[in-house]
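So the structure is just underneath, and the comments pick up after that.
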Amino acid sequence: MFGRLTVQAALPFYSAIATAAASIVVVGALAVVVLLTKFRLWRPLWSEWLTSLDHKRIGIMYVVLALVMLSRAVVEAVMMRAQQAVSYDSPGYLPADHFAQLFTTHGTIMIFFMAMPFLTGIINYAMPLQIGARDVSFPLLNSVSLGLTAAGAALMMISLCIGRFSTGGWSGYPPFTELAFSPDVGPDYWIWAVTLSSIGSTLTGINFAVTIYKERAPGMHLFRMPLFCWTALCTSILMIFAMPPLTVATALLALDRYAGAHFFTNGGGGDVMNYINLFWLFGHPEVYILILPAFGVYSEVFSTFSAKALYGYRSLVYATMAIAVLSFTVWLHHFFTMGQGANVNAVFGIATMLIGIPTGVKIYDWLLTMFRGRIRFAVPLLFALGFILMFAIGGMTGIILANPGIDYQVHNTVFLVAHFHNVLIPGLLFGMLAAVQYWFPKAFGFRLNEKWGRTVFVLWTAGFLFAFMPLYALGLLGLPRRTVEYFQGAYRPWTLIAAFGALLLLLGLFAVGAWLFVSVRQRDDNRVPAGDPWNGRTLEWSMSAPPPEYNFAVRPRVTGRDQFMRDKLGGMAYLRPDEYEDIEIPLGSAVGPLLGIAGILCGFGLTWHIWWMAAGGLLLSIGTVIARSFVRETTRIVPAGEVRLQHEAWLGRLAMERPASRDQEIAPSNRGLALADGS
């Protein structure tokens, strides 16, 4: 009845550390249940959040999911660095199999369940506001995407408590993940978690692209969109075309494991290179799925905190599009050493080098945006400046690795680990933390604590430098990736420095928690009900903080870029409209959460060969979709009179606020009403 699920196979007693980690997850989950029950929060959690189709709430839930998964992934990274620091001529404190699980779960979580939900959440929140939309084009699909992504993340967390995870790395290469080499449940957990995530991301890409094409405010043609929206559009297109190859790869690997197919077994007529090509046909565009939204965040940050229009707007747009196109031409550089020949290597090496050109254009445009600007070193700008310095190093090492001859020497060493962390941490993670500080007051109505934000910046920056710069030296010395124990004394000083850096990153993670906790405690001193704490330039700053569910009382008309700044300078920012109209907004729906639950049941059942559970999850998903088709009332109307009352009440509060200058930006006197002269 329970397939392969037995007490011996399920409980994580193979390692004391695994047992402790599983206990923490179980106790944490029980604590959440107890707190929700004690404070009677189940009903509001379900009705106001989990079933909400408001893009803003869905975006916030994505970010919360990303922060939870970030916590686990950082702890795992620290454990791996600590193992390498103490494993010179010694087995260390982690069994080899457990270490292999850690580097697999760390990579899988950071890519699919931290980075992807984080950027999806930020785009979900900010993009519709920036283009003057009331919501995304398909609000229900938005909730379904969140449900599927959360289901994949849940399988990742369940794997920590029941059974073991894959030891095949985040890329899941066969033949190691084939049944003959890994008959346990680890690769199956990986397959179904990643498959659920990839389907959710594909749907998200479709939703975002259609929203940008169809929901822009009157007058906002494409070249009047903020740069963040351009990066969101290109990211969405990449999702649409890059995620399906991953879904196909995991589906074919599942057929190999479950149905005895031989798609990737050379001895059975398959070809393992088919998997590798499919995976990296997703994997390299994925790099730019991760980095382009951060580029968009940095574009907003440099412009806002330099008090200038973005320099080279069109060149930044064209550079973004060039990166999106070129990202599909470079996947083969991930396996330069696999024997496809010098001519093929040369073509993909040149393509890889070319992609550095539009990236360089962006950096120069950002620097020129700051030139002669009225710069204030707020936390988002600090993250942006740290990004430029460190991303330039990561980009240069990428150009080095684009040379097949050099790549052959350092391939599969920690030099490569240093490179991609050098790109993704200052790129993606710094960008998302900057976005949190930047848009948090819009989402919740109060600013985050500036001092703790600077502490987070210092710890993450110093931690990154200490943790990953030594890996360049270790890679040149020859330390392979995924090494659990080593015997060369020359490695030891560098591994100790890297472990110290990992400790700083762990402190940085705790600092993020303190940042949020202190800010919530001090929220009354930092409220910004007027909605414009940074003297913003784009439409999301033209409404109250937090915004109403329908976003805009009257949809704005756009006559140029940086429309809100144009309105402020022209004295047109906070005028009462001549008339209001009824607004249609979507009703909440349980479809997204139910499909997420169905995904968990189906994935867990397939993993453990509990066929009735897998069938039950599939039937639940089909039944949910069919039941939804019978629902006729899917929207509700907010009457024009109610819109008028809410909007005019906010305008009345605006009239009582004193405008804040740049010098008062982080002072309690900044209530979200910036001086109209742009100072």
Side-chain angles (χ1 to χ4, degrees), residues 44 47-49 51-60 124-140 142-143 211-212 214-220 226 229 439 441-446 527-533 536-559 563-568 570-589 631-657 671-674 676:
S47 60
E48 298 176 19
W49 287 93
T51 60
S52 173
L53 302 189
D54 182 356
H55 72 95
K56 300 182 290 297
R57 290 181 179 252
I58 290 174
I60 292 168
N124 234 316
Y125 191 90
M127 178 269 290
L129 298 177
Q130 288 198 328
I131 63 173
R134 300 216 184 276
D135 209 317
V136 295
S137 290
F138 308 116
L140 180 61
N142 204 13
S143 177
T211 300
I212 294 173
K214 294 294 187 181
E215 305 295 336
R216 300 191 306 277
M220 181 175 279
C229 296
W439 279 303
K442 175 56 60 179
F444 295 99
F446 60 93
R527 292 200 181 277
V528 287
D532 181 25
R537 311 183 68 85
T538 46
L539 291 177
E540 74 268 31
W541 305 110
S542 66
M543 64 189 74
S544 63
E549 187 176 1
Y550 46 79
N551 294 347
F552 298 92
V554 175
R555 291 193 70 187
R557 290 193 170 272
V558 176
T559 58
Q563 182 64 46
F564 183 49
M565 181 60 73
R566 294 161 67 95
D567 289 343
K568 286 190 290 187
M572 306 289 289
Y574 302 112
L575 300 180
R576 281 180 168 80
D578 294 331
E579 60 180 353
Y580 297 84
E581 58 185 23
D582 294 347
I583 297 174
E584 184 180 79
I585 59 175
L587 285 170
S589 172
V631 176
R632 290 291 176 262
E633 294 184 8
T634 59
T635 61
R636 69 180 179 91
I637 300 297
V638 181
E642 183 179 335
V643 176
R644 175 189 293 274
L645 287 175
Q646 292 178 358
H647 191 240
E648 292 189 351
W650 174 63
L651 292 176
R653 289 197 301 271
L654 278 178
M656 297 188 298
E657 300 290 351
R671 300 274 293 170
L673 182 63

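FYI, the numbering just counts along the sequence from 1.
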Only counting residues at least two apart or in another chain, list the ones meeting salt bridge (Lys or Arg N to Asp or Glu O under 4.0 Å) with R527. D524

Could I get the full list of side chain to side chain donor-acceptor pair (under 3.5 Å) partners for R644, not counting sequence neighbours? E648

Might you point out which heavy atoms bring G672 and A530 nearest each other, and give the distance in Å? O-CB, 3.1 Å

Are any of the side-chain heavy atoms of K568 and R537 separated by less than 4.5 Å? no

Give every residue pair that meets the side chain to side chain donor-acceptor pair (under 3.5 Å) criterion with at least one member in residues 125-136, sequence neighbours excluded. Q130-E540

Between L129 and W439, is there a side-chain heavy-atom distance shorter than 4.5 Å? no

Under the salt bridge (Lys or Arg N to Asp or Glu O under 4.0 Å) rule, collect the residues that match up with E549, sequence neighbours excluded. R636

How long is the straight-line distance from NZ of K56 back to CG of N124, given to the nearest 0.5 Å? 10.5 Å

If you take all heavy atoms of T538 and F564, which pair is closest and at what distance? O-CB, 3.5 Å

Go through the structure and list residues passing ring-ring contact (aromatic ring centres under 6.0 Å, His included) with F444, not counting sequence neighbours. F440

Side chain to side chain donor-acceptor pair (under 3.5 Å) filter on T634, not counting sequence neighbours, yields none

Contacts of F552 that satisfy ring-ring contact (aromatic ring centres under 6.0 Å, His included) - sequence neighbours left out: none

For I212 and C229, work out which heavy atoms get closest and say how close. CD1-O, 3.6 Å

Flag for T559-Q563: side-chain donor and acceptor within less than 3.5 Å: yes

Exam field: side chain R555 to backbone R216, donor-acceptor pair closer than 3.5 Å: yes

Taking distance alone, no hydrogens or angles, what donor-acceptor pairs closer than 3.5 Å link side-chain atoms of residues 576-585 to residues at least two apart or in another chain?
unit_1 : atom_1 : unit_2 : atom_2 : d
Y580   : OH     : H647   : ND1    : 3.0
D582   : OD1    : A640   : N      : 2.7
E584   : OE2    : T635   : OG1    : 3.4

Does E642 have any side chain to side chain donor-acceptor pair (under 3.5 Å) partners at least two apart in sequence or in another chain, and if so, which? Q646

Residues at least two apart in sequence or cross-chain that pass side-chain contact (heavy atoms from CB on, under 4.5 Å) with S589, listed by chain then number, are L53, L140, V591, R628

Residues forming a salt bridge (Lys or Arg N to Asp or Glu O under 4.0 Å) with E657, sequence neighbours excluded: R671

If I compare all heavy atoms of T211 with all of S137, which pair ends up nearest, and what's the gap? OG1-N, 2.8 Å

Measure across V136 and H55 and return the closest heavy-atom pair with its distance rounded to 0.1 Å. CG1-CB, 4.2 Å

Between A217 and P556, which heavy-atom pair has the shortest distance, and what is it? CB-O, 3.4 Å

